[in-house]
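This report concerns only the one structure given below.
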Amino acid sequence: MARSSDDVPAWVDLALLPLVNLLAAFAIAAVVIAILGENPFKALWVLFYGALGYGEAIGFTLYYATNFIFTGLAVAVAFHAGLFNIGGEGQAYLGGLGCGLVGLALGGWPPAIVLPLAVLAAMLFGAAWAFIPGYLQAKRGSHIVITTIMFNFIAAALMTYLLVNVFIKPGQQSPESREFDPSSWMPFVHEVAARVGITIARSPLNMSVVVALVASVGVWVFLWRTRWGYALRVVGHNETAAVYGGIAPVRVVIGAMALSGALAGLVGVNAIMGDQHRLILNFTGGYGFVGIAVALMGRNHPVGICLAALLFGALYQGGAELSFDLPRLTKEVVVVIQGLIILFCGAFEGLFRPRLLALFRRAPAPAPAKA
Amino acid sequence: MMVLGAGAQAQEFVPALVFDMGGKFDKSFNEAAYSGAQKFKKDSGVDYREFEVTNETQREQALRNMARRGATVVVAIGFAHATPLQVVAKEFPNVKFTIIDGVVDLPNVQSVLFKEQEGSYLVGMLAALTSKTGKVGFVGGMDIPLIRAFACGYRQGVVAVNPKAEVFENMTGTTPAAWNDPTKGGELARSQFDRGADIVYAAAGATGLGVLQAAKDLGKLSIGVDSNQNHLHPGSVLTSMVKGVDVAVYNAFKDAKAGTWKGGIQNLGLAEKAVGWALDDNNRKLVSAENEKKVNDAMADIVSGKVKVVDYRAGNSCPAK
Amino acid sequence: MGENGVLLLLMIDATVRVATPLVLAALAGLFAERSGVVDIGLEGKMLGASFAAAAVATVTGSPWLGLVAAVLVSMALSMVHAVACVTYNGNQVVSGMALNILMAGLAPTLAFAWFSQGGQTPMLGPGARFAPIVLPFAEALAPVPVLGAIYGRISGHNVLVYIAALSVPLVAFVLYRTRFGLRLRAVGENPQAVDTAGISVAGLRYRALLCNGVLCGLSGAYLSIAHGAGFVRDMTAGKGYLALAALIFGKWRPLPTLLACLLFAFTDALQARLQGAVLPGLGAIPVQAIQALPYVLTVLLLAGFVGKAMAPKAIGIPYVKER
Amino acid sequence: MTARSAPSPSTGEGRGGNNVPPAIELRGIDKRFGPVHANRAISLSVPAGTIHGVVGENGAGKSTLMSILYGYYQADAGEIWIKGRRRDIRSTADAIAAGIGMVHQHFMLVDTFTVLENVVLGVEGGPLLRRGMERARAELERLEREYKLEVDIDAVVGDLAVGLRQRIEILKALYRGAEVLILDEPTGVLTPAEADHLFRILRALKAEGKTAILITHKLREVMAVTDNVTVMRRGQVVATVRTAETSPAALAEHMVGRKVLLSVQRTPAKPGREVLRVEGLQVIDGAGIARVRDVGFAVRAGEIVGVAGVAGNGQSELIEAIAGMRAVAAGRIVLNGQEVATRATHLTPRALRDRKLAHIPEDRQRMGLVVPFAAHDSAILGQQGKPAFNIGPLLNQRGIIDSCQHQMDRYDVRPDDPHLKSANFSGGNQQKIVLAREIETDPDLLLVGQPTRGVDIGAIEFIHRRLIELRDAGKAILLVSVELDEILGLADRILVMNEGRIVGELAAEEADEQKLGLLMAGVARAA
Ligand SMILES: Nc1ncnc2c1ncn2[C@@H]1O[C@H](COP(=O)(O)OP(=O)(O)OP(=O)(O)O)[C@@H](O)[C@H]1O
Ligand SMILES: Nc1ncnc2c1ncn2[C@@H]1O[C@H](COP(=O)(O)OP(=O)(O)OP(=O)(O)O)[C@@H](O)[C@H]1O
Ligand SMILES: [Mg+2]
Ligand SMILES: [Mg+2]
């Protein structure tokens, strides 16, 4: 890991510190919960149990985490190329459209053909939606933050149009497409497990989670172990040095955005092929935006992103349980807790850092940094 | 956590309510559902469980959780619950489900639909009868079939009174924010007033609050939706197109408790008094006796079948342009 | 003046109303970003402010007290951002996102706890919000052709619209003509230069964020106690992001930023009037296409004319002297 | 070995009797940056009205010490005495108030500001700019006249050449009424004429009773202008001597702890085939200004061709055009007999590297390295596509690290840890990393820009030796430097550039500093 400080044990930087921050966030959240008249310990227990306490909960947590991994990776890849992609939401939306089209068109085909095609289509559509802002940034200098924000809105308009006017199931009032043929669904993890004789609780968790893990490893290998990833990082840090090093920033910028969009597009596979099995409105549910926090909290590193995604997945699922079991803790309170956690684990990361690092720096001699 | 098994169900009556994405305080149909449930709680002394969905994945989860945790009857608000309910209702054949605004064809599901077009027709008539400019407006949340049905009924009512009347129609947005953007709602209403409309009908959730406010600020009239919103700006809200979601929820709970709950599809309209227009002290002065009579006559005609109000959703088209 | 002229005036009117919160928020962002601190948290601060304004105006019946509350809340949130990003060198984007998410939850929670009206405040009566101000002579001039109509349109907005209009030259003046402005511009470009000139980088950024809080507070208050009449959850509906886009569009300069806000607002007003339009030969244009028009137009303009936006050089990078 | 002849840093002495107290006295200054111990118990005394030199190899802690005096960093321990009074300097504002001014090694200027705005920043004279600016303008014009520090007050700093930017830094200090002026490697970016000019200013200041501290790597300058000189090594003061009583060789030995060869030994060149040919080259920059005009020359295998010139006369653009980083507006470039660039087409930097071109850029931080990358990642910049560093689609991580380790050992990079961040190496060591990378590609043509800028003598000796070795191995080298010593010491032929044109070409034997100086200034023109 390239990022850990040179002079403290890596576990302090990567595990202890986030934990301390998490505790601080929970402490503040506990105060809020107490003010609202609930027992904070009970609430935190429900949150924790509801997220990880039993099979189905874990399934939901991992399902959400899958979405966050995709959008987190998307943000991170762009970030390493020096680009701030706020457009994950729109790219995910389009990704869903891409795989949805495959699901609708090739319903009855063998899964071995449909599923890879669906994944490919999701990536392609997501990439295409990010390609345009990338191209405009590289060639015309149009600021990527504005264009990707705009493309989120355009994607929403496009999808609403398509669902209301084109894909809507006739005679139905809900703007959603017909259901795909079950053969084209991304298999649920509980089904796959059942096939090999393991019983796990039923949840929307589907094989997309494997795609997410593969994507994480892939992104890591790509960024830190290939020349293309190398070129991308050089461009992100120093464009002049990139030109000097024989790298064409224009191509890298466009390529990085396309890759970023492709990763965001995979949300479509998880949500559409894996869970909804039909095209619907708003299935992106803000995952694209939260992906920004996930990426930055995960320090733009796939391992960190997976951990942060897990945290957010747990918050989504545990939060739902929280408002389910403790009616006084409405969905808004859950959002407050999420905000606090992002604030403390992300923004106030430096609050305890110097003290904690100082505590550990004294002990071992400045060892050479390990990769 | 999951101790409530099938055994407990037999004795205990546990009603449950799953709201749609806007949340229970959307000043619109979720809130109507909420007040129906609250009324039931007050009348019967039985508490109910509730959950507000915040993303698409939670719909199925929420319905299943309710059923699994011992709910006797689960009311789901909003058409988007139809597909997940299709799955969950099969899993829990002994649990009663009621869905509002959607159809699920299963024996243990009661599907409640409303003829929004009929209520909208009446307020459309009243708008046309009251308008001095012959121009009226409509502000919808999102361009979806449900909202088009509102708009279409409204247009039919307007045209029935004044075939030459002009109807301006605006949709707020394409994201969920469209239902929560009173600022934009206000602007859309103002744009219609600017073009000469003097009455605007809002069918856009909390966005509609901005429409009502704009009408009030400009001294024009507005028409509320879903709940009776006449009291929000007395003297400025011409009327409200009430949709009896509260009654539907109340009845579902009450019937389930009494054992008279029945599955199947209910398509509720004026005849069932499930939709209608609101006349109370707040808007009394705005509606002349003559207009009141005309609207009530039309209501009787619709109930009797003499006048047919086309449902946009039936053929994806509207006779009144 | 023909009917079209009147409609145009009315559209300009709408443009002004929609642009006001954008202008205030974008100028707020200008202070933060010119000082080198990314502010993606405009949305959250606006939301917090609009809640505070509505809540206090409801309780006290005074819009002015509501305005003060909005400004204070927004400043407090800016200070959270400052402590995180300036003192503790936290990630500025994460901090901003955290504020957005926090306020999206906190504002309705507090509203519910306070007013029990489901996460919104009661509708404000006329006295509790900023009413339109009729400028002097507006009535007298009304009969005068053209001029009367134009002046009539300039007149009749609420006080925050005029504040927003005045804040643009004011901010430009502060930025280009005052000591504070000079230092602000410097610290966003090269904080080391500021530091070695004997000025505290952190102090400057804190002050910039205080200004940011004030303007953001005004923007939020506009939504709930001037244009609107009460707080509704999520009522900012992405305006913070749009303001940020306008700021970037305007290349971090006051006047171009104003123009960008006006452009966004104008296209918005335009799309409201274009909905339902029928193109000869093509039939009715889908509503969604018209709704997407402002965004498409923005992208096209950006790609076609605006060229490369040069951000303040030190933006987003915490100022750390010792590695 | 510590030669403490004159001004002793010990207390008391400076204040006894009617002696003026020293302008600056540092006692026991200690400073750590995390694991790096940059200053160790440093004591230093600078008598008022003198010019005090500070020398030492890269990373010795000179800049750190001065930044502490200037209040930019806080010392972990130690005291600062100014004019015999102990002062608490907690910020640069305190230092400025105490009459200290500093010209930093890396300039502290706001590029988007005008000269005037940069100078008044921090001393605006009131909350509104207008009045203060007018006063400042008058005062600045006076200072410019008095010290002959001409710059256009309303020019935007980003458009100015480095030499001019330094003047602004000096003006800044003077404008703030500095009694003590610290200059951190001021001549690294100056031509001899500009440097001389600077020294005249320093002497003028001294005559007014002001004090100057001069950090430099150029012993010639130390000998020429300073009264006393302090030598630092590895965070410690190893000697403080009167300049008059020492010699460059002695100082150099103090600095590196061994004997150093101050001039390069070389045999005459044996030029072979033509490797690079440039004809009628014209390069136009982003602002539409022609930076290189009608330039033509050739470089043969086995020779070093030096390009001399005042910084900003088109040398950088020339090198970048040959390296494929800039478009060619007219003319052509031929490499190894093959046309590589014309107005119509030009090969990319990558393609040129494939054709055995290597390039040591003049600005290692901006171009040569990726500062936040680990050293081994910086060490493959430009070579990331090389088969040795790749296994199929993947980078050969082991190979890359090994290769970097190997290069670090061969080029004596310190610390020799490939995993360390590139930013954590001192300038000289960063330069060695770049040098190693480029030379080890075994190029036919090596473009070298300012190879020893900011590099200490030990490293300079090494770098010069490597370049000569390379030449002797039959490589063609095009060397751009503003250091005339360097050009005269290394080049076999010398081209002089002025305002984008080649105004003269001299063989090594016939060149001397004076001839070159005249050509560079654009006064003379050689055939
Ligand atoms: N801000 C900083 N944070 C961490 N380490 C630093 C910092 N500044 C300097 N150092 C380290 O402190 C040591 C002394 O650096 P300093 O810049 O004082 O050297 P120097 O003598 O000025 O060298 P040079 O001749 O290259 O300018 C070096 O090892 C350097 O890497
Ligand atoms: N000889 C080289 N000199 C400098 N950079 C190189 C060299 N070879 C490759 N690179 C850089 O390394 C990256 C990957 O190189 P590679 O040759 O594998 O690219 P490629 O497979 O041809 O793909 P593409 O050319 O489409 O980027 C490129 O971004 C390129 O900029
Ligand atoms: Mg130095
Ligand atoms: Mg290749």
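Protein chains get the first letters and strands the later ones, always in sequence-line order, with residue 1 at the start of each.
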Can you list the residues of residues 97-109 of chain C that sit under 4.5 Å from chain B, counting heavy atoms only?
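Against chain B, none of the residues of residues 97-109 of chain C fall inside the cut-off of heavy atoms under 4.5 Å.
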Any residues in residues 215-231 of chain C near chain B, with a heavy-atom distance under 4.5 Å, and which are they?
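Residues in range: C:Leu223, C:His227, C:Ala229.
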Can you tell which part of C:Met235 gets under 4.5 Å to a heavy atom of chain B, answering side chain, backbone, both or neither?
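Its backbone and side chain both get close to chain B.
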Which region of C:Asp13, side chain (C-beta onward) or backbone (N, CA, C, O), has a non-hydrogen atom less than 4.5 Å from a non-hydrogen atom of chain B, or is it both or neither?
neither
Proximal to chain C - members of residues 222-250 of chain B, heavy-atom separation under 4.5 Å:
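Under the 4.5 Å heavy-atom cut-off, B:Leu232 qualify.
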Residues of residues 201-214 of chain B within contact distance of chain C, non-hydrogen under 4.5 Å:
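Hits under 4.5 Å: B:Ala206, B:Leu209, B:Gln213.
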When heavy-atom pairs shorter than 4.5 Å are enumerated against chain C, which of B:Lys184, B:Gln192, B:Glu31 gives the highest number?
B:Lys184
Considering only heavy atoms and a distance below 4.5 Å, find which of C:Arg129, C:Arg233, C:Gln288 pairs most often with chain B.
C:Arg129
How long is the span from the [atom1] atom in [X] to the [atom2] atom in [Y], to the nearest 0.5 Å?
| X | Y | atom1 | atom2 | answer |
| --- | --- | --- | --- | --- |
| B:Asn180 | C:Thr236 | CG | OG1 | 10.0 Å |
| C:Arg273 | B:Phe168 | CZ | CZ | 10.5 Å |
| B:Asn170 | C:Gln271 | CG | CD | 7.5 Å |

Indicate yes or no for a side-chain donor-acceptor contact from C:Gln275 to the backbone of B:Met171 under 3.5 Å, with no hydrogens or angles considered.
yes
Would you say the side chain of B:Asp194 lies within less than 4.5 Å of the side chain of C:Met11, judging by non-hydrogen atoms?
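In short, these two side chains do not touch, never coming nearer than 4.5 Å.
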Decide yes or no for C:Lys239 and B:Asp181: does some side-chain heavy atom of the first lie under 4.5 Å from some side-chain heavy atom of the second?
yes
Could you tell me which non-hydrogen atom of B:Phe25 sits nearest to which non-hydrogen atom of C:Gln120, and how far apart they are?
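In this case the closest contact between B:Phe25 and C:Gln120 is O-OE1, 4.4 Å.
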Heavy atoms only: give me the nearest B:Glu187-C:Ala14 pair and the separation to one decimal.
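For B:Glu187 versus C:Ala14, the nearest heavy atoms are OE1-CB, 3.6 Å.
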